[in-house]
2 protein chains.
Amino acid sequence: MQLAKLHSLLADETRLRLLHLLLQGPLCVCHFQDILDAPQVKISKHLGLLRASGLVTNRRHKNWVIYELAEKPSGAIQAQLHALTQTAKTEPVFQRDLKRLHKVSNQAGEIISACCS
Amino acid sequence: MQLAKLHSLLADETRLRLLHLLLQGPLCVCHFQDILDAPQVKISKHLGLLRASGLVTNRRHKNWVIYELAEKPSGAIQAQLHALTQTAKTEPVFQRDLKRLHKVSNQAGEIISACCS
DNA sequence: GGTCTATATGCTCTAAAAAGAATATTCTGT
DNA sequence: ACAGAATATTCTTTTTAGAGCATATAGACC
């Protein structure tokens with residue numbers, strides 16, 4: 001992927017938040033909706049873009065779809081993910097997402113077993 | 001600057017090329033035009049954006065305006081500039097620009113003394 | 001097979017970004 | 001003060017990206 005394209009992909013707060021959550025581990029769509037507090041279409045479309053660009057993969061588990069970071073990302077992508085974790089430490093949105101993520105995953109115990117109820 | 005904003009700024013090939021050239025050292029607008037082979041307006045506008053975002057500074061020297069990278073860039077920006085140099089090694093546009101830059105700066109000897117003629 | 005649930009897709013509207021033509025500004029040298 | 005050179009700005013047009021509604025798909029469970 002061209003560098004400019006990669007940057008366009010990252011030039012959206014929603015997608016950055018999705019990626020940031022995925023850096024913590026796999027997650028299903030409904031949890032993204034909960035955590036970001038955003039409508040289903042929005043989440044789904046942005047995840048779709050990330051998937052179309054090969055940054056993430058998804059698999060189905062029962063009724064839910066689980067997304068996770070693609071393995072073996074290119075060097076450029078690795079660098080960006082690293083930069084993201086760094087920045088996430090200082091930007092409040094990301095911290096807020098993290099808090100919510102922990103709440104959700106505590107409630108759910110095993111993320112996958114008891115998804116959205 | 002928010003991370004998403006920073007990425008938007010970098011999500012344009014022209015701006016990436018300008019920054020990449022600036023990583024080699026200060027350069028005047030007319031040389032950017034020569035090297036990128038792009039119209040004056042285009043160059044000037046993109047440089048304007050970079051300047052408005054604080055990534056670069058400019059100063060006047062005789063008839064010309066010299067741009068250079070801002071000193072003490074934030075960590076996020078440093079990381080992006082580093083990523084850019086890495087990627088530039090593999091993307092042909094950037095290599096082509098480098099070649100042209102060297103041609104120009106050889107011709108001109110001291111860049112500033114004999115700018116565009 | 002039918003129904004329900006979770007997610008994805010198509011279509012439309014709006015907003016933001018890029019390009020280009022024409023013009024303005026700012027300095028230089030006379 | 002004037003003319004010319006280099007760069008910036010304004011305005012318009014075109015392109016691209018995001019949001020949201022409505023609808024489609026795909027699997028789960030009865």
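Quick note on labels: first sequence line is chain A, next is B, and so on, each numbered from 1. Only a predicted model underlies this, so the values are computations on that prediction, with no experimental measurement involved.
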Whole-Å distance, A:D12 CG to D:dG18 P, equals 5 Å
> Does B:E68 CD have over 12 foreign heavy atoms under 6.0 Å away?
Replying inline: yes
Would you say the base of D:dA8 and the side-chain of B:Q40 have a donor-acceptor pair closer than 3.5 Å? yes
Mind checking if B:V41 touches a base, just sugar-phosphate, or nothing, with heavy atoms under 4.0 Å?
base
Review point. Can you check whether B:H46 has a side-chain N or O nearer than 4.0 Å to OP1 or OP2 of C:dA19?
Key: yes
Tell me whether the count of non-hydrogen atoms from other residues, nucleotides or ligands lying under 6.0 Å of CD in B:Q2 goes above 12. no
Of the candidates C:dA18, D:dA19, C:dT7, the side chain of A:Q33 sits closest to C:dT7
5'-most contact on DNA chain D (nearest-nucleotide basis), B:S44 vs A:K5, goes to B:S44
To the nearest angstrom, the NZ-C1' distance between B:K42 and D:dA8 comes to 17 Å
A:D34 atom CG is separated from C:dA6 atom P, nearest whole Å, by 11 Å
The side-chain contact (heavy atoms from CB on, under 4.5 Å) partner of A:H20 among A:V93, A:T87, A:L98 is A:L98
note: B:N63, atom CG; D:dA6, atom C1'; distance rounded to Å ~ 5 Å
To the nearest angstrom, the CG-P distance between A:L49 and C:dA8 comes to 12 Å
So, does B:R60 get its side chain near the phosphate of C:dT28, meaning an N or O under 4.0 Å from OP1 or OP2? no
| Any side-chain N or O of A:H61 less than 4.0 Å from the OP1 or OP2 oxygen of D:dG27? | no
Rounded to whole Å, CD1 of A:I66 lies from C1' of C:dA6 at a distance of 11 Å
In short, side-chain hydrogen bond (donor to acceptor under 3.5 Å, both in side chains) pairs touching residues 9-19 of chain B with sequence neighbours left out are B:R15-B:H46, B:R17-B:D97
Tightest non-hydrogen contact, residues B:L22 and B:F32, listed as CD2-CZ, 3.6 Å
Separation of D:dG18 atom C1' from A:E13 atom CD, nearest Å, is 13 Å
(Q) Can you say whether a donor on the side chain of B:K45 sits under 3.5 Å from an acceptor on the base of C:dG20, or the other way round? (A) yes
OP1, OP2 of C:dT28 versus side-chain N and O of B:K62: anything below 4.0 Å? no
Subject >> Distance test, side-chain N/O of B:N58 to OP1/OP2 of D:dT7, below 4.0 Å >> reply: no
Considering only heavy side-chain atoms of B:R15, the closest of D:dT9, D:dA19, C:dA18 is C:dA18
Of B:S8 and A:I43, the one whose closest nucleotide on DNA chain C sits nearer the 5' end is A:I43
B:R59 CZ to C:dT26 C1', in whole Å, measures 18 Å
Within less than 4.0 Å of OP1 or OP2 of C:dA6, is there a side-chain N or O belonging to A:Y67? no
For B:G54 and B:A70 the tightest heavy-atom approach is O-CB, 3.3 Å
